[in-house]
Structures are given as C-alpha cells and as structure tokens.
Amino acid sequence: MSNPKGGDAYWKATIGLLTKIMIVWFLVSYGAGILFVEQLNQFSIGGYPLGFWFAQQGSIYTFIILIFYYAKKMGQIDREHDVHEN
C-alpha cells in the first residue's frame, strides 16, 4: 500500500463501516433498551415485553451478529485495498 490515495480510500471505507456498526450498536443498546422501551413493551417475545427482551437478550444477540458482520466486511475491504493477510 505505497499509494497514499489508496490508504485514504482504505481508511475511509474502514471508518464508514465502523460508523454504521456504531449506529446500530447505539440504536440497539441505548435506543431499544432505554429510549423506545415503552413503545417496544407493547409487543412480547416468549411472554416477556419486547423492550425488556432487547435490554436483556436481544442486544447481546445483535452484538454477536455485529462482530461477525464486521469481520466479514473488513475482510472484503482488506482484499479490495490489497492489505489482506495470506
């Protein structure tokens, strides 16, 4: 990666991915667990209010999915910018 413009594009893609993931993380952890809990509690999963479920279980599942999504997308970004490991 000797091309400085290539490096800029790589970091722009990386920061864009991180921004999207952090927005989802915020909406799920803070939004679903705190801000929108009253609206979500009108629905239930397994007999528990949806807001409670998101605060206790749903956010954990979402975070695990985000980890795998991040790893997959970073692999793609690394290959696109030729900085991947062999």
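For this chain, numbers begin at 1 and follow the sequence in order. All values reported here derive from a predicted model rather than from experimental measurement.
Atom CD1 of Ile15 is separated from atom CE of Met22 by 11.0 Å, given to the nearest 0.5 angstrom. Taken to the nearest 0.5 Å, the CG atom of Asp78 stands 4.0 Å off from the OH atom of Tyr10. Atom-to-atom distance recorded for Glu38:CD and Asn41:CG is 6.0 Å, nearest 0.5 angstrom. For the atom pair NE2 of His81 and OG1 of Thr14, the computed distance is 7.0 Å after rounding to the nearest 0.5 Å. One finds the OH atom of Tyr30 at 10.0 Å from the CZ atom of Phe36 (value rounded to the nearest 0.5 Å). Here Ser59 contributes atom OG and Ile64 contributes atom CD1; the two are 10.0 Å apart, rounded to the nearest 0.5 Å.
Between Trp53 and Tyr61, the angle of the ring planes lies from 30° to 60°, which puts this pair in the tilted group.
With hydrophobic clusters built from ILVMFWY side chains whose heavy atoms lie under 4.5 angstrom apart, Leu35 does not share a cluster with Phe52. No continuous path of ILVMFWY side-chain contacts below 4.5 Å connects Ile60 to Ile65, so the two sit in separate hydrophobic clusters. Phe68 and Leu18 are not part of a single hydrophobic cluster, where members link through side-chain heavy atoms under 4.5 Å apart. Leu27 and Ile67 are not part of a single hydrophobic cluster, where members link through side-chain heavy atoms under 4.5 Å apart.
Closest heavy-atom contact between Val37 and Gly51: CG2-CA, 3.7 Å. When all heavy atoms are compared, the tightest approach of Leu40 to Leu50 is O-CB, 3.0 Å. Summarising the geometry of Ile77 relative to Leu17, their closest heavy-atom pair is CD1-CD2, 4.0 Å, with the distance given to 0.1 Å. In plain terms, the two heavy atoms of Ala55 and Gly33 that are nearest each other are CB-CA, 4.1 Å.
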task: Could you walk me through whether Ile45 and Phe54 pass side chain to side chain contact (heavy atoms under 4.5 Å, CB included), step by step?
output: CA-CA 10 Å; Ile45 289 183; Phe54 258 108; over 6 Å; no
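Annotation for Tyr48: atom OH does not count as buried by contact number, only 12 or fewer foreign heavy atoms lying within 6.0 Å.
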